[in-house]
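First the proteins, then the strands, lettered A, B, ... as listed; each starts at 1. All values below come from the heavy atoms of this structure, side chains included, with hydrogens, waters and symmetry mates left out. Everything numeric here is computed off the predicted structure, so don't read it as measured data.
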Protein chains: 2
Amino acid sequence: MLQNLIKHIRKFIELDDHSIEVLNKYFKKNSYKKKEFLLKEGQVCRSLYFVEQGCLRMYFTNDKMNEQITQFAKENWWISDFFSFADNKPSGYYIQTVEKSDVLSIDTLSFEAMLKELPQMERYLRIIMQNAVAASQRRIKYMYELSKEEFYLHFCNSFPEFVQRVPQYMIASYLGLTPEYVSELRKKNL
Amino acid sequence: MLQNLIKHIRKFIELDDHSIEVLNKYFKKNSYKKKEFLLKEGQVCRSLYFVEQGCLRMYFTNDKMNEQITQFAKENWWISDFFSFADNKPSGYYIQTVEKSDVLSIDTLSFEAMLKELPQMERYLRIIMQNAVAASQRRIKYMYELSKEEFYLHFCNSFPEFVQRVPQYMIASYLGLTPEYVSELRKKNL
DNA sequence: CGGTCTCTTGACGGAGTTCAAAGCTAGTGG
DNA sequence: CCACTAGCTTTGAACTCCGTCAAGAGACCG
């Protein structure tokens with residue numbers, strides 16, 4: 001049931017049969033259709049989400065009422081508003097499926113209980129979080145280093161599957177570009 | 001000797017006397033003058049750094065040979081190139097003191113040995129890293145949400161001590177602005 | 001097939017950069 | 001404690017990348 005998650009955890013730490021049962025107790029699996037919401041602005045983000053299958057996006061709406069995507073999550077990625085999750089503060093984000101998806105979730109209380117019962121999971125999560133920090137550092141470096149055109153091309157080269165899978169205007173939004181400008185860049189670069 | 005670090009750790013987990021001795025064994029304390037380097041571009045970042053006293057900056061140089069700051073670290077902040085640290089890859093960053101500083105460092109091997117000996121530190125680091133991810137999410141949201149002017153003003157309101165402590169051109173660089181534009185903004189907003 | 005998303009095109013404008021030069025400030029050595 | 005110098009900040013003019021607006025052409029789904 002938690003196959004992808006378990007495979008993922010086992011890349012970093014060992015996990016015996018009993019531990020798997022414990023995980024089964026705390027994680028819930030949900031299936032969503034395209035464009036369903038897991039979190040809406042103003043709600044407290046009470047869970048961490050792990051994508052078993054499919055693709056999610058996290059976005060907020062700015063003054064002019066258009067959507068700014070800040071994160072995608074596909075298979076084997078974790079996603080959450082960590083600020084809202086940690087402090088029980090209302091979130092400024094939406095989390096929504098981009099396509100039909102299966103998602104595991106664990107809420108605040110289960111999370112703490114799970115960590116108490118399986119302290120070795122602290123190590124797994126520490127590594128995951130550390131990798132996420134590394135990824136953020138890279139992302140911010142690219143944002144400062146590259147022009148918007150270079151940033152777009154770099155993204156297309158780095159994640160060609162994503163570019164195929166996700167509509168163009170969402171890629172534009174994620175990169176902080178207008179759909180019009182992306183269209184111009186596509187024409188220009190074949 | 002590790003007073004600030006220990007105080008910091010104790011905000012998140014419990015720590016007995018024996019554990020403190022173990023930490024003493026693995027962490028090294030170094031004092032640096034203003035503008036000394038802890039890491040240079042091309043070197044592998046072999047340590048995590050914890051600032052006991054003072055202030056560091058992390059930056060890279062772009063094509064036009066000017067410095068782009070991506071991170072500051074003052075008292076009780078961790079800093080490192082996590083990508084280089086994790087994979088032993090050459091770093092694209094410099095880490096340098098902004099002012100006279102006392103810094104604790106722990107290298108890759110000591111880090112792993114320390115975690116083996118004190119597994120409860122996994123929890124501390126998981127929480128630290130999770131907070132760092134939350135901070136990155138916030139930072140990226142602001143970068144997308146605010147104009148450069150708003151971004152600058154927001155930073156000044158959020159970190160007034162920093163604005164006093166660090167030269168203006170470094171603030172500009174950290175925010176992705178030119179010193180000229182920051183100068184203009186200052187005049188405009190009193 | 002009709003309607004609603006999505007992508008493209010082109011004209012225009014402005015926030016923020018670049019360049020060059022002058023004015024300040026603070027740290028250093030004498 | 002002063003004077004010198006290197007480094008920091010300010011100014012203003014010219015420029016440009018990229019966003020905005022408006023409108024039309026495809027494409028996908030019920």
Side-chain angles (χ1 to χ4, degrees), chain A residues 33-37 55 57 59-69 72 94 96-100 142-156 162-190, chain B residues 32-37 54-55 57 59 61-69 72 94 96-101 142-156 162-190:
Chain A
K33 291 181 290 186
K34 192 173 177 174
K35 302 213 173 181
E36 279 195 88
F37 287 96
C55 182
R57 65 174 182 144
Y59 70 90
F60 66 93
T61 57
N62 62 20
D63 313 341
K64 299 151 207 153
M65 285 306 289
N66 46 21
E67 301 169 356
Q68 279 290 347
I69 298 174
F72 288 111
Y94 298 81
Q96 189 195 33
T97 54
V98 173
E99 48 187 61
K100 190 170 166 313
Y142 289 134
M143 291 176 76
Y144 280 150
E145 183 166 44
L146 305 177
S147 70
K148 302 241 161 170
E149 177 168 7
E150 291 166 332
F151 195 44
Y152 171 73
L153 294 173
H154 180 269
F155 181 84
C156 290
F162 241 87
V163 177
Q164 294 206 315
R165 191 168 174 181
V166 171
Q168 202 170 269
Y169 76 98
M170 287 194 188
I171 306 281
S173 173
Y174 175 71
L175 298 173
L177 308 175
T178 58
E180 292 93 331
Y181 189 53
V182 166
S183 182
E184 194 182 322
L185 291 178
R186 273 164 61 92
K187 189 169 64 168
K188 194 164 141 193
N189 298 278
L190 285 200
Chain B
Y32 300 92
K33 291 180 290 187
K34 193 174 175 173
K35 301 212 175 185
E36 279 196 89
F37 286 96
C55 181
R57 64 175 182 144
Y59 70 90
T61 58
N62 63 19
D63 313 340
K64 300 151 206 153
M65 286 306 290
N66 46 20
E67 302 168 355
Q68 279 289 348
I69 298 174
F72 288 110
Y94 297 82
Q96 189 195 32
T97 54
V98 172
E99 48 187 61
K100 190 170 167 311
S101 304
Y142 289 134
M143 291 176 76
Y144 281 149
E145 183 166 44
L146 305 177
S147 70
K148 302 237 161 170
E149 176 167 7
E150 291 167 331
F151 195 44
Y152 171 73
L153 294 172
H154 180 268
F155 182 85
C156 291
F162 241 87
V163 176
Q164 294 205 314
R165 191 168 175 182
V166 170
Q168 203 170 264
Y169 77 98
M170 288 194 188
I171 305 281
S173 174
Y174 174 72
L175 297 173
L177 309 175
T178 58
E180 292 92 333
Y181 189 53
V182 166
S183 181
E184 195 181 321
L185 291 178
R186 273 164 60 91
K187 190 169 63 168
K188 193 164 139 193
N189 299 278
L190 285 203

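- The one candidate from A:R57, A:K34, A:R165, A:K35 that meets the side chain to side chain contact (heavy atoms under 4.5 Å, CB included) condition with A:V98 is A:R57.
- Closest of all the heavy-atom pairs between B:Y152 and B:I171 is CE1-CG2, 4.4 Å.
- Ring centroids of B:F155 and B:Y174 are separated by less than 6.0 Å, placing the two rings close together.
- Residue B:I69 contributes atom CD1, which lies 11 Å from atom P of D:dC8 at whole-angstrom precision.
- Whole-Å rounding puts the B:K187 NZ to C:dC24 P distance at 14 Å.
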request  = Give the B/S/- string for nucleotides 15-30 of chain D, one per nucleotide from 5' to 3', where a protein heavy atom under 4.0 Å of the base yields B, of only the sugar-phosphate yields S, and otherwise -.
outcome  = ---SSBBB--------
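- Distance B:K35 NZ to C:dT28 P: 10 Å, rounded to the nearest Å.
- A pairwise comparison of heavy atoms in A:V182 and A:L177 identifies CG2-CD1, 3.7 Å as the closest pair.
- If you take CG of B:L175 and P of C:dG16, they are 12 Å apart, rounded to a whole angstrom.
- Rounded to whole Å, the distance from CD1 on B:I171 to C1' on D:dT9 is 14 Å.
- Going from atom NZ of B:K188 over to atom C1' of D:dT11 covers 16 Å, rounded to whole Å.
- Separating the CD atom of B:E99 from the C1' atom of C:dG27 is a distance of 16 Å, rounded to the nearest angstrom.
- The two residues A:V166 and A:C55 make their nearest non-hydrogen contact at CG2-SG, 4.5 Å.
- Atom CD in B:Q68 sits about 10 Å away from atom P in C:dT17, given to the nearest Å.
- Using a 4.0 Å cut-off, some side-chain N or O of A:R186 falls inside it from OP1 or OP2 of C:dT8.
- Among all heavy-atom pairs drawn from A:E36 and A:K33, the shortest one is OE2-N, 2.6 Å.
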